[in-house]
Amino acid sequence: VPRAAARVATMALVLTSFGAAGQAAITRPFAVSSTRELAPGITYQLGEMHTGGGRKQSVRVGTIDPRHPRVRLRALLSNDKVVKRERVSRIARRKSRPGMEAMLATNGDMSRAKAVDAWAAPAGTHIANGEVWVAQACAWPTLGIDRAGNARIDEVRVQLEVKVPGRPVPRGIHRVNTHRDGAGVVLFTRRFAASTQTKPGGIEVVLEMSDRLRPSGVQTLRVLRVRRGGGNTRIRWGQAVLSVKSPTNKWVRDLRKGQRLQLETKIVRRGSHRCDRSTPTASGWGDVVEALGGNYFTARHGRVAAPSRARYPSGSQRHPRTGIGITPDGRVLMVTVDGRRPGYSVGVTLAEMGQLMLSLGAQHSFNGDGGGSTVMARQWPALDRFRVTNRPSDGSERPATNALAAFEYTPET
């Protein structure tokens, strides 16, 4: 009861704060109709709220304590590879096993609609089990979980630099496990696919990589083969491939078989611009083992932070939404609002989503993929089944690029 009262008080403060500016949109605060503890440290709530014009909104809220010894919060990539897509409920079921049972899952990051090739990669960072699976060139709002279960949200990216023998200045790698274009260098690992799936042309360098690609650290790579003009290079386990479309990229073009390179990775904050290449290391992110991103903040430092209509027109429209947030005490919020169903739930703007996240106690939150991609799935103990609990606007669950899932962990005795 005290927590519910605190939420109502917070909601009243939010409405008061935004009413003066004419931005208040939540006219009736989120009211919980049912609450269920799915597992110790994992709670699911169903309820509704109303926005301007009496619009009814169906809301689902997962509250997870990632520091609880019986909880594991994981960033999951569809098919365990970048290419192709997979439904969120299936991803979570597939990763379940005795002692690690999926309790709750939502869709995650943005990606190019319906793509099943390199463009299916999440638009931001994806780190799973202490390994970088996807890294993009620009910083985006990202949820990170460290080994102790501490959660944080910040605007970060993974920076990769290669030290080449005889060259005093480190060379940057543009992206990891995503599309190749222009003069940017892409690093492919086996987490992408069995091959680079690139077209002929450019240069691809096969590297021996004995360790997995960690988000923070230094490792030595050895050049095994340089392919000039070829494409679709095979990627074996224990190997990686440097690939560049433009043959004018001199440092890649000059690599030779047998050379040893030093690869340094670190998580850095956003600079003055989202895609700045020279930015400071992100403090507190050195031990992150799980990370998943979105496109824009909806709340930051306890205030609504939705982008303007001019900056992101879709954010000012009402759609189904998926939001990820953290509270000051370290709990993670997984929230969905259904939409495109008049009379049941029409959807919300990003500003409305930010107000909702604040009312739930979020200090920071960001927007995940929405529209027909918005989905929440949970364990139904009475049925002993893990299945979708919301009403996706497509009429059925849409395949996603990645997912955030909370598992009940039972230590072996």
Side-chain angles (χ1 to χ4, degrees), residues 75-88 90-91 106-128 132-143 155-158 173-189 191-199 201-202 231-232 235 241 243-246 274-275 291-297 307 311-315 317 319-324 336 339-340 347 350 366-375 392-394 396-404:
L76 307 177
L77 198 66
S78 68
N79 304 284
D80 287 340
K81 287 185 172 57
V82 166
V83 298
K84 300 184 180 179
R85 292 174 184 264
E86 190 176 9
R87 291 179 173 85
V88 168
R90 179 178 172 80
I91 298 173
T106 63
N107 63 293
D109 205 348
M110 308 283 181
S111 63
R112 179 168 289 190
K114 299 181 181 180
V116 294
D117 54 7
W119 289 94
T125 297
H126 187 101
I127 297 171
V132 177
W133 290 40
V134 175
Q136 299 283 3
C138 302
W140 294 98
T142 304
L143 170 72
E155 208 163 7
V156 297
R157 65 178 175 84
V158 179
I173 291 176
H174 203 52
R175 294 186 293 269
V176 175
N177 289 336
T178 182
H179 63 285
R180 184 184 76 167
D181 58 6
V185 180
V186 179
L187 180 70
F188 290 100
T189 73
R191 299 302 185 185
F192 175 76
S195 68
T196 61
Q197 299 193 6
T198 52
K199 295 180 179 179
N232 198 29
I235 312 170
V241 176
S243 181
V244 62
K245 185 175 182 179
S246 172
R274 191 182 299 278
C275 303
L292 176 145
N295 69 343
Y296 287 101
F297 284 103
R311 185 180 180 192
Y312 185 54
S314 178
Q317 301 167 1
H319 294 294
R321 302 284 182 186
T322 300
I324 305 297
T336 61
R340 301 174 183 169
L350 290 193
F366 62 81
N367 180 51
D369 200 0
S373 296
T374 286
V375 66
S393 63
D394 284 358
S396 61
E397 185 181 4
R398 181 187 292 181
T401 183
N402 63 357
L404 183 65

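Residue indices begin at 1 and follow the sequence shown.
Ring-plane geometry between Trp140 and Tyr296 is classed as perpendicular, the angle between the planes exceeding 60 degrees on a 0 to 90 degree scale with a lower cut at 30.
Between the side chain of Gln197 and the backbone N or O of Ala118 there is no donor-acceptor pair closer than 3.5 Å. When atom types are taken as modelled, the side chain of Arg191 and the backbone of Val82 share no donor-acceptor pair closer than 3.5 angstrom. Here the side chain of Glu86 pairs no donor or acceptor atom with the backbone of Asp80 at under 3.5 angstrom. Counting only distance, with no hydrogens or angles, the side chain of Thr198 and the backbone of Asn232 share a donor-acceptor pair below 3.5 Å. Under the 3.5 Å distance criterion, the side-chain polar atoms of Arg340 are left unmatched by any main-chain donor or acceptor of Ser393.
Contact detail for Phe297 and Pro307: the closest heavy-atom pair is O-CD, 3.9 Å. Across all non-hydrogen atoms, the minimal contact from Ile235 to Ser195 is CD1-C, 3.7 Å. Of all heavy-atom pairs spanning Asn177 and Val186, the tightest one is N-CG1, 4.2 Å. Shown here for Ala291 and Ala75, the closest heavy-atom pair between the two residues is O-CB, 3.5 Å. Here the shortest heavy-atom pairing between Val88 and Ala400 reads CG2-CB, 4.0 Å. Between Gly124 and Asp109, the closest heavy-atom pair is N-OD2, 2.9 Å.
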- Query: Taking it one step at a time, do Val83 and Phe192 satisfy side chain to side chain contact (heavy atoms under 4.5 Å, CB included)?
  - Reply: CA-CA 6 Å; Val83 298; Phe192 175 76; 4.0 Å; yes
- Message: Does Val132 form a side chain to side chain contact (heavy atoms under 4.5 Å, CB included) with Thr189? I'd like the steps, not just the answer.
- Response: CA-CA 10 Å; Val132 177; Thr189 73; over 6 Å; no
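Rounding to the nearest 0.5 angstrom, the gap separating the CG atom in Asn402 from the CD1 atom in Ile91 is 7.5 Å. Atom CG of Asn79 and atom CZ of Arg90 lie 8.0 Å apart (nearest 0.5 Å). For the atom pair CG (Leu76) and NE2 (His126), the distance works out to 6.5 Å, reported to the nearest 0.5 Å. One finds the CG atom of Asp369 at 7.0 Å from the OG1 atom of Thr374 (value rounded to the nearest 0.5 Å). Considering CG of Leu350 and CG of Asn367, their distance stands at 4.5 Å, rounded to 0.5 Å. Atom-to-atom distance recorded for Arg85:CZ and Thr401:OG1 is 5.5 Å, nearest 0.5 angstrom.
Just one of Val185, Asp181, Ile173 meets the side-chain contact (heavy atoms from CB on, under 4.5 Å) condition when paired with Val244; it is Val185.
A salt bridge does not link Arg112 with Asp117: every distance from a Lys NZ or Arg NE/NH1/NH2 to an Asp or Glu carboxylate oxygen is 4.0 Å or more.
Between Leu404 and Ile324, some side-chain heavy-atom pair lies under the 4.5 Å cut-off. Using a 4.5 Å heavy-atom cutoff, the side chains of Ser314 and His319 are in contact.
Donor-acceptor pairing under 3.5 Å is lacking for the side chains of Thr196 and Arg180. A donor-acceptor pair shorter than 3.5 Å can be found between the side chains of Thr322 and Asn107.
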